[in-house]
Amino acid sequence: MQDYFKEFPSQTGFFGKWGGSYIPEVLTKEMEKINDAYFSISKSHEFISELREIRKHFQGRPTPVYFCRRLSEMYGGRIYLKREDLNHSGAHKLNHCMGEGLLAKYMGKKKLIAETGAGQHGVALATAAAYFGLECDIYMGEVDIAKQHPNVVRMQLLGANVIPVTRGLKTLKEAVDEAFEAYLKDPVNTIYCIGSVVGPHPFPMLVRDFQRVVGIEAREQFLEMTGELPDAVTACVGGGSNAMGIFSGFLRDTDVELFGIEPLGRGKKIGDHAASLNFGTEGILHGMKTYILQDEKGQPQPVYSIASGLDYPGSGPEHCMLKDNGRVKYTTADDNDCLDAFYRLSRYEGIIPALESSHAVAFALKYAKENPKKSILVNLSGRGDKDIDYVVENFGTGDKYLK
Ligand SMILES: *Cc1c(COP(=O)(O)O)cnc(C)c1O
């Protein structure tokens with residue numbers, strides 16, 4: 001485990017048999033350039049100290065670890081949150097976006113290109129673009145644009161172009177395709193900034209490395225608060241960046257159980273969920289080998305979750321490896337579990353969580369009830385301001401749920 005981060009991924013981007021780089025020839029060269037730049041630039045003293053300054057003075061890091069006193073009393077165990085919702089711009093995504101933006105600056109790029117699902121990655125990247133003085137094009141499915149209006153407006157205020165994607169199901173998957181195509185048209189002046197630990201090498205590594213700060217901080221803070229490590233750590237998994245961020249701090253602590261929570265949406269039927277690590281099969285998606293929700297012909301299946309940041313038909317390749325070797329257990333929470341946790345954390349702790357993060361909170365509540373002597377640390381990946389209109393319009397303010 002000592003050399004885990006050197007060993008994985010391999011030089012060609014593999015986590016065991018997962019990941020790699022299944023992309024057209026033209027793209028291979030660009031990915032190699034990004035990879036080389038990453039290795040030469042990100043290890044320099046200048047880059048590291050600039051990123052450290054940004055994290056401290058712009059992002060507001062370190063984010064705190066918080067003990068949920070009321071929920072712990074109600075459920076039995078000890079529930080803690082790593083407060084990534086307090087990151088500037090409201091989610092963990094700024095951790096890798098500032099890293100990607102800084103890399104783009106050092107590489108002399110003029111424009112950042114990306115897709116977004118819930119709008120969180122778009123907002124985080126638009127924030128980075130504004131900070132560094134770079135242009136920013138964000139591709140977003142029309143369905144998500146309608147659901148996430150406040151985030152669309154935020155991106156525009158930050159100076160980004162929000163480009164609606166109208167093909168297919170008009171959500172995250174199609175937005176990834178279109179963003180990639182746009183990037184391929186001008187790879188010299190632009191850089192593609194992926195929103196999670198997915199895509200071809202080097203992105204799963206690069207995004208993980210920029211997210212590692214979450215796990216490093218959380219481990220230290222938890223030790224300082226309690227004198228011990230948590231019994232369990234949990235995070236929601238869409239592509240898997242917030243989960244890799246916090247898990248990476250505890251991978252070598254083999255006594256700490258790790259749980260990745262995928263969205264079960266409306267149920268187990270295909271099209272009703274987005275739990276690719278739980279129900280997917282091996283395949284190639286967006287340039288990587290991963291577990292995919294796919295049909296017999298290898299076509300990605302429609303996915304659904306109440307949390308649009310989680311509705312992606314694949315997962316980061318590192319998660320596939322950690323599932324196979326058993327270091328992380330992957331389980332699910334459905335829309336109802338998610339809403340229940342959303343309302344409870346709001347009302348009993350004064351923290352309105354993102355619907356994505358609520359999946360991990362739901363698991364923590366269950367874990368606490370079943371393990372009254374144990375502690376669990378949740379990566380609270382984002383705040384729920386973006387979700388409140390949607391939730392209240394469709395499900396009310398929680399009185400029904402909290403009975
Ligand atoms: C995007 C998002 C996620 C899902 O992305 P991962 O890469 O799986 O972390 C989770 N939580 C929030 C708040 C998000 O915005």
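For ligands, and for the atoms within them, numbers begin at 1 and follow the listed sequence. Positions are given from 1, in the same order as the sequence printed here.
For the pair K329 (side chain) and G260 (backbone), a donor-acceptor distance under 3.5 Å is absent.
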Please give the N or O to N or O pairs under 3.5 Å between ligand 1 and the protein, distances rounded to 0.1 Å.
| residue | atom | partner | partner atom | Å |
| --- | --- | --- | --- | --- |
| ligand 1 | 7 (O) | S196 | OG | 2.5 |
| ligand 1 | 7 (O) | G240 | N | 3.2 |
| ligand 1 | 7 (O) | S241 | N | 2.7 |
| ligand 1 | 7 (O) | S241 | OG | 2.7 |
| ligand 1 | 8 (O) | G238 | N | 2.7 |
| ligand 1 | 8 (O) | G239 | N | 3.2 |
| ligand 1 | 8 (O) | G240 | N | 2.7 |
| ligand 1 | 9 (O) | H92 | NE2 | 3.1 |
| ligand 1 | 9 (O) | S241 | N | 3.4 |
| ligand 1 | 9 (O) | S241 | OG | 3.2 |
| ligand 1 | 9 (O) | N242 | N | 2.8 |
| ligand 1 | 9 (O) | N242 | ND2 | 2.7 |
| ligand 1 | 11 (N) | S381 | OG | 2.7 |
| ligand 1 | 15 (O) | K93 | NZ | 2.5 |

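Legend: residues meeting ring-ring contact (aromatic ring centres under 6.0 Å, His included) with F67, ordered by chain and number and at least two apart, are Y80.
In this structure, the side chains of D324 and Y291 come closer than 4.5 Å at one or more pairs of heavy atoms. Under the 4.5 Å side-chain criterion, counting only non-hydrogen atoms from C-beta, E217 is in contact with K82.
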Without placing hydrogens or testing angles, list every side-chain donor-acceptor pair under 3.5 Å for residues 133-144, not counting sequence neighbours.
| residue | atom | partner | partner atom | Å |
| --- | --- | --- | --- | --- |
| D137 | OD1 | N161 | ND2 | 2.7 |
| D137 | OD2 | K111 | NZ | 3.0 |

Just distance, no hydrogens or angles: give the donor-acceptor pairs under 3.5 Å from side chains in residues 299-308, sequence neighbours left out.
| residue | atom | partner | partner atom | Å |
| --- | --- | --- | --- | --- |
| Y304 | OH | D335 | OD2 | 2.5 |
| S305 | OG | A307 | N | 2.9 |
| S305 | OG | A307 | O | 3.4 |
| S308 | OG | Q148 | NE2 | 2.9 |

